[in-house]
J.: 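This is the structure I have questions about; it appears just below.
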There are 2 protein chains.
Amino acid sequence: MSENRSTILQISLELFARRGYEAVGIQEIVDSAGITKPTLYHYFGSKSGLLEILLKESFTPFLTRLADAARYSGDVTNTLQAVASYSLQFAGQNPSLFRFYLTTQVAPLDSEPYQAGKFIHLEQQRILQELFLKAAQDHGNMKGRHIAYAASFLGLVNTYALLAVNGEITSVDNLVNQVVHQFMHGIFS
Amino acid sequence: MSENRSTILQISLELFARRGYEAVGIQEIVDSAGITKPTLYHYFGSKSGLLEILLKESFTPFLTRLADAARYSGDVTNTLQAVASYSLQFAGQNPSLFRFYLTTQVAPLDSEPYQAGKFIHLEQQRILQELFLKAAQDHGNMKGRHIAYAASFLGLVNTYALLAVNGEITSVDNLVNQVVHQFMHGIFS
DNA sequence: AAGACAGTATACCGTTCGGTATACTTGGCT
DNA sequence: AGCCAAGTATACCGAACGGTATACTGTCTT
């Protein structure tokens, strides 16, 4: 049922990821999907509605599982490894989605992509800040830095994920360990 | 002489940074600048020409000085501090430019902003890879990782610079030390 | 059998897009 | 004075933009 709806979502994601949200027209989407405009407007109401639904449906399950992975177990390294592992795995399995998500995160604050993707990195930051806040109770030297830690850990994960997706890094097997280790102990050691 | 030219550059940067390259029309630029279309086309030839010249003129001096700061002196920490210091300083003094530069870096590969800004992060990566390559001669455990190191150091600097520009981080005084220390020794210690 | 409703297509709307042909003004040079 | 070239404005171009009014088709319910 409603095969056209999922076709539109899939095609538009591919186009948005490759050429950018603003550069892609409605006409181009419906042509690529083999349908017509009213069909798209029937399901999504507007171009920005399509964008919102696309991000919402793609990332709600991701965020739920990320919150599970980030539940602090008393071992910071283990928890961070779970977070990095799931994030990198998700990025590897959905390269177009991950690329597009990155563009929304850094897009201009007034742009539609940023506004539509805001909930994703707000929730990501909330999850990680909570993790580092709890961890700081066990590790005094981490106190008062949970915001910076959350941001820089996310930045590091995203950086390595982008390298992997771009094929600029070959061995992905121990990428998780590499990311977490670098975050915890730096490049020395 | 040619005050209009620099007005166009300044206004268009502000608009691109706030709303995104594709979302901003030529008409809007010339209206904001108080001039007309032919004037803009006289100086820049096209919208993409404006973008190219804008990035070229803004970042050529930045890259030159960055290369100076990144000259390896035998002390990795010192050199990285010089790089981070100059980068954060430049970002702080040109917040709009820095924001827009970040969007070009993560923009879709086929988009005009990415293509126009490609030379910047290619040169940044080249500079830092060279630095880490030379440093690896003194520090054996860094060998074979210069690509990942360059990427993740840049990612870390950009992450903190964005936090600072967004006002999510207050104390900027020891930000440089914080970035370099985290990169070298991790969050522990 | 009849109606309701979701889904889809044809054809069109006004607006804005990037870009330009043409002409006027201005300054400096000969 | 006469000319040239840079710089700027008026007015316009065809194409593409996001979006929609209307009508047709099927399927499912009653």
Side-chain angles (χ1 to χ4, degrees), chain A residues 1-57 100 103-104 107-108 110-117, chain B residues 1-57 100 103-104 107-108 110-117:
Chain A
M1 18 104 161
S2 200
E3 171 207 348
N4 279 341
R5 201 190 108 107
S6 57
T7 303
I8 294 172
L9 286 173
Q10 175 195 329
I11 293 278
S12 62
L13 168 62
E14 225 57 51
L15 289 173
F16 289 163
R18 188 160 62 242
R19 314 233 326 281
Y21 171 79
E22 318 261 12
V24 175
I26 296 284
Q27 194 64 55
E28 186 181 358
I29 296 175
V30 299
D31 286 348
S32 302
I35 51 124
T36 56
K37 279 192 188 183
T39 300
L40 187 149
Y41 278 88
H42 172 73
Y43 288 115
F44 304 104
S46 67
K47 192 188 181 185
S48 57
L50 167 61
L51 175 62
E52 272 179 41
I53 293 176
L54 175 60
L55 290 176
K56 224 92 184 183
E57 296 194 1
F100 184 53
T103 69
T104 68
D110 290 359
S111 69
E112 286 186 17
Y114 178 82
Q115 289 300 325
Chain B
M1 18 103 162
S2 201
E3 169 206 350
N4 280 340
R5 200 190 108 108
S6 57
T7 304
I8 294 172
L9 286 174
Q10 175 194 332
I11 294 275
S12 61
L13 169 62
E14 225 55 52
L15 289 172
F16 290 162
R18 188 159 64 242
R19 311 232 329 282
Y21 172 78
E22 318 260 13
V24 175
I26 296 285
Q27 193 63 56
E28 188 181 356
I29 296 175
V30 299
D31 286 350
S32 302
I35 50 124
T36 55
K37 281 191 188 184
T39 300
L40 188 149
Y41 278 88
H42 171 73
Y43 288 114
F44 304 104
S46 68
K47 192 187 182 186
S48 57
L50 167 60
L51 175 61
E52 272 178 42
I53 293 176
L54 176 59
L55 290 176
K56 224 91 184 182
E57 296 195 0
F100 184 54
T103 70
T104 68
D110 289 1
S111 68
E112 285 185 19
Y114 178 83
Q115 290 300 324

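Side chains included, hydrogens not; waters and symmetry mates left out as well; all remaining heavy atoms used. Since this is a predicted model, take the numbers as computed values, not measurements. Convention: sequence-line order gives letters A, B, ...; per-chain numbering from 1.
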J.: Output the single nucleotide from D:dT20, D:dG7, C:dC17 whose closest atom is nearest the side chain of B:Q27.
T.: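 From the listed options, C:dC17 comes nearest.
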
J.: Which nucleotide wins on minimum distance to the side chain of B:K37, given the candidates C:dG19, C:dG7, D:dA9?
T.: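 The closest nucleotide is C:dG19.
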
J.: Check the phosphate of D:dG7 against B:N4, side-chain N and O only, distance under 4.0 Å to OP1 or OP2. Yes or no?
T.: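 No, because none of the side-chain N or O atoms of B:N4 sits under 4.0 Å from OP1 or OP2 of D:dG7.
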
J.: Who pairs with B:E112 by side chain to side chain donor-acceptor pair (under 3.5 Å), at least two apart in sequence or on another chain?
T.: B:Y21

J.: Could you pull out all residues at least two apart from A:S32 that satisfy side-chain contact (heavy atoms from CB on, under 4.5 Å)?
T.: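 So A:S32 forms a side-chain contact (heavy atoms from CB on, under 4.5 Å) with A:I11, A:L15, A:E28.
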
J.: Can you check the A:I26 CD1 to C:dG14 P distance for me, whole Å?
T.: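 To the nearest whole Å, that distance equals 20 Å.
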
J.: Rounded off to whole Å, could you give me the CD1-to-C1' distance for the B:I29 and C:dT16 pair?
T.: 14 Å

J.: Of the nucleotides D:dT20, C:dT8, D:dA9, which has the atom closest to the A:Y41 side chain?
T.: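 Among D:dT20, C:dT8, D:dA9, the one nearest the side chain of A:Y41 is D:dT20.
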
J.: Picking from D:dT8, C:dG7, C:dA9, which would you name as closest to the side chain of A:T36?
T.: C:dA9

J.: Nearest to the side chain of B:H42 - D:dG7, C:dG7, C:dG18?
T.: D:dG7

J.: Given C:dA9, C:dG19, D:dG7, identify the nucleotide with an atom nearest to the side chain of B:S46.
T.: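 Nucleotide nearest to B:S46's side chain: C:dG19.
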
J.: Specify the separation, in whole Å, of atom CD of A:E22 and atom P of C:dC17.
T.: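 Rounding to the nearest Å, CD of A:E22 and P of C:dC17 are 12 Å apart.
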
J.: Going by heavy atoms in the side chains, are A:R5 and A:F44 under 4.5 Å from each other?
T.: yes

J.: Look up atom CZ in A:F16 and atom CG in A:L9, then write down how far apart they are to the nearest 0.5 Å.
T.: 10.0 Å

J.: Could you check how far OH of A:Y43 sits from C1' of C:dA9, rounded to whole Å?
T.: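 Taking OH of A:Y43 and C1' of C:dA9, I get 14 Å after rounding.
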
J.: At under 4.0 Å between heavy atoms, what does B:V24 touch on the DNA or RNA strands: base, sugar-phosphate, or nothing?
T.: sugar-phosphate

J.: Atom CZ of B:F44 to atom C1' of C:dG18: distance rounded to whole Å?
T.: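 Rounded to the whole Å, the gap is 16 Å.
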
J.: Nearest whole angstrom, please: distance from the C1' of C:dG18 to the CG of B:D31.
T.: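 That distance rounds to 14 Å.
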
J.: Among the nucleotides D:dG19, C:dA9, D:dA9, which one has an atom lying closest to any side-chain atom of B:I35?
T.: D:dA9

J.: State the CG-CD distance between B:L40 and B:Q27, to the nearest 0.5 angstrom.
T.: 10.5 Å

J.: What is the separation between atom CD on B:E28 and atom P on D:dC17, rounded to the nearest whole Å?
T.: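 Distance check: B:E28 CD to D:dC17 P gives 19 Å.
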
J.: Over how many whole Å does the gap from A:L50 atom CG to D:dG19 atom C1' extend?
T.: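 Atom CG in A:L50 sits about 14 Å away from atom C1' in D:dG19.
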
J.: Of the nucleotides D:dG19, C:dG19, D:dA9, which has the atom closest to the A:K47 side chain?
T.: D:dG19

